[in-house]
There are 2 protein chains.
Amino acid sequence: MARTQGSHSDITGPRIREAALGLFARHGFAAVSMRQIAGEVGVQAGALYNYTPDKQSLLFRLMQDHMQDLLTAYDDLDRFDDPKKALCQFVGFHIRFHLQRPDEVFIAYMELRNLTPENFADIEALRRRYEDSLESILRKGQESGQFSVADTKIATLAVIAMLNGVITWYRSGGRLSLDEVEQVYWDMVRKAVTA
Amino acid sequence: MARTQGSHSDITGPRIREAALGLFARHGFAAVSMRQIAGEVGVQAGALYNYTPDKQSLLFRLMQDHMQDLLTAYDDLDRFDDPKKALCQFVGFHIRFHLQRPDEVFIAYMELRNLTPENFADIEALRRRYEDSLESILRKGQESGQFSVADTKIATLAVIAMLNGVITWYRSGGRLSLDEVEQVYWDMVRKAVTA
DNA sequence: CTTCTATCTGAACGCCTGTTCATATACCAT
DNA sequence: ATGGTATATGAACAGGCGTTCAGATAGAAG
């Protein structure tokens, strides 16, 4: 039998990506089979190929969608001119955005090595754009004398690395609320980049 | 044919772990086959089983050895009582130790999900011991009034996350020397934990 | 009521997987 | 020289892999 009920094109596609997302995040891209993904969706493996040309593209699309969502969400903010306010906003945005998408974040930097060179370059470019938006805040603050860092590029990477650490331990309903976490990290970031 | 020349037990074992280390770091545990590892060593896949009961144990041993080396190296330091000096020493130690072992570091926190629950618990305990040694520095500094952080546990994780970021971008012979990198990060850490 | 098309099945393809084991060899000790 | 042992081979096992495709079905369109 086939097409067990109704037209499913607009439903099955997202469900496949959803299943792939969770499985890739939990077990890793290489350890997950197309049959596992299909099983989670409730469909045979062959059906997946109506929605993705191959397994690699499935991974790529997940990462690309995530990075584009990130950039779009950040661009949509009403941004501050003042470097200190802008940095505070960045910290809060980054923490909240990433905590809402733990699986995507996990994949986005655990599975980079499983991308083809072309796909890797694509994702890297998006990541760079995001990092650059933080660096430009730091540079402006540096020029205005509000910040004092030895190297804005390194400071950028250090801040992002520090913030990314949050998703490895934060659990909603834990000891600290989201607001408190944000406050604690903003405190550390602010002091780290100030004289 | 077998045993193409001489007794190899003391040579082949380390060579297998070396090959596995590089391959796991580059392609990920799940994406590397026993035949690939054997090929790099110059033996057939079956020969690997004279040195490891299975693939999982090979990964586990690499991670365990790494974590134990880390703890031993840190314990062997002549440590300072003064929290500020101790923290500075920790930062320098952490950066140098990890930059010397990029493959081990990569594996040690990319392949955690490929460990069996028992092996995972083992590695996690070692990691916790290392984190605790940093947290005790921060706590002592907090009590003495030299440091000022909202939460020593979070500060611990934030500092380690920030320092770990170094290995993702540092290339020896690059724009900054190791000493400079150490200095830049110490600056940021120091400011982040000070009032 | 028929036709058409989107969607899915289920089997098949060739290849790769971790692991085991009988067998063969090279060296060491006697 | 002989026997024993450590070490390696190479074939085999059962099963899983990504991917393809002819054929079946369900619903939409006329």
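All values reported here derive from a predicted model rather than from experimental measurement. Note on naming: letters A, B, ... go to the chains in the order of the sequence lines (proteins, then strands), and numbering restarts at 1 for each one.
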Nearest-angstrom distance from the residue atom [atom1] of [X] to [atom2] of [N]:
| X | N | atom1 | atom2 | answer |
| --- | --- | --- | --- | --- |
| A:Q44 | D:dG23 | CD | P | 19 Å |
| B:L58 | C:dG18 | CG | P | 11 Å |
| A:Q36 | D:dC17 | CD | P | 6 Å |
| B:M34 | D:dT9 | CE | C1' | 16 Å |
| B:R15 | D:dT7 | CZ | C1' | 14 Å |
| B:I37 | C:dT17 | CD1 | C1' | 12 Å |
| B:N114 | C:dG18 | CG | P | 12 Å |

Looking only at the aromatic ring of each residue, does the gap between the centers of B:Y74 and B:F97 stay below 6.0 angstrom?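 No: the rings miss the under 6.0 Å criterion.
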Pair A:F29 + A:F60: ring centers closer than 6.0 Å:
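No, the ring centres sit 6.0 Å or more apart.
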query = In chain order, what residues pass the side chain to side chain contact (heavy atoms under 4.5 Å, CB included) check against B:Y51, with sequence neighbours excluded?
reply =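 So B:Y51 forms a side chain to side chain contact (heavy atoms under 4.5 Å, CB included) with B:S9, B:T12, B:I16.
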Practice problem: Pull out every residue in residues 19-28 of chain A that has a heavy atom closer than 4.0 Å to any atom of DNA chain D, ordered by number, or say none. | Solution: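 Those residues whose heavy atoms fall under 4.0 Å from DNA chain D, taken from residues 19-28 of chain A, amount to none.
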Linking I/L/V/M/F/W/Y whenever their side-chain heavy atoms sit closer than 4.5 Å, directly or via other members, would B:L70 and B:M110 fall into one cluster?
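Different clusters.
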Gap separating the [atom1] atom of [X] from the [atom2] atom of [Y], nearest 0.5 angstrom:
| X | Y | atom1 | atom2 | result |
| --- | --- | --- | --- | --- |
| B:S144 | B:D82 | OG | CG | 7.5 Å |
| A:F147 | A:K140 | CZ | NZ | 10.5 Å |
| B:R61 | B:Q56 | CZ | CD | 14.5 Å |

Please list all pairs passing the salt bridge (charged side-chain N to carboxylate O under 4.0 Å, His left out) test where one or both residues lie in residues 24-37 of chain B, with sequence neighbours left out.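 As it turns out, there is no salt bridge (charged side-chain N to carboxylate O under 4.0 Å, His left out) pair with a partner in residues 24-37 of chain B once direct neighbours are skipped.
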Quick one: do A:E135 and A:R139 make a salt bridge, cutoff under 4.0 Å?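 A salt bridge links A:E135 with A:R139.
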> Is the distance from OP1 or OP2 of D:dT7 to the nearest side-chain N or O of B:T12 less than 4.0 Å?
Replying inline: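 Negative; the distance criterion is not met.
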Q) For C:dT17, does either OP1 or OP2 sit under 4.0 Å from a side-chain N or O belonging to B:S33? A)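 For C:dT17, OP1/OP2 do have a side-chain N/O of B:S33 under 4.0 Å.
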Interface polar pairs with nucleotides 12-14 of chain C, N/O, under 3.5 angstrom:
{"from": "C:dA12", "atom 1": "N6", "to": "A:R35", "atom 2": "NH2", "distance (Å)": "3.4"}

Does anything in residues 99-110 of chain B form a side-chain hydrogen bond (donor to acceptor under 3.5 Å, both in side chains)? List the pairs, not counting sequence neighbours.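 Every candidate side-chain hydrogen bond (donor to acceptor under 3.5 Å, both in side chains) pair involving residues 99-110 of chain B fails, so no pair, neighbours aside, qualifies.
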Q) Base, sugar-phosphate, or nothing for A:V41, non-hydrogen atoms under 4.0 angstrom? A)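 Contact class for A:V41: none.
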- Query: In residues 47-54 of chain A, what residues come within less than 4.0 Å of DNA chain C, judged by heavy atoms?
  - Reply: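 Per residue number, the list reads A:A47, A:N50, A:Y51.
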Note to self: Angle between ring planes, A:H98 versus A:Y130, binned at 30° and 60°: parallel, tilted or perpendicular?
What the structure shows: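 Judged by the thresholds at 30° and 60°, the geometry between A:H98 and A:Y130 is tilted.
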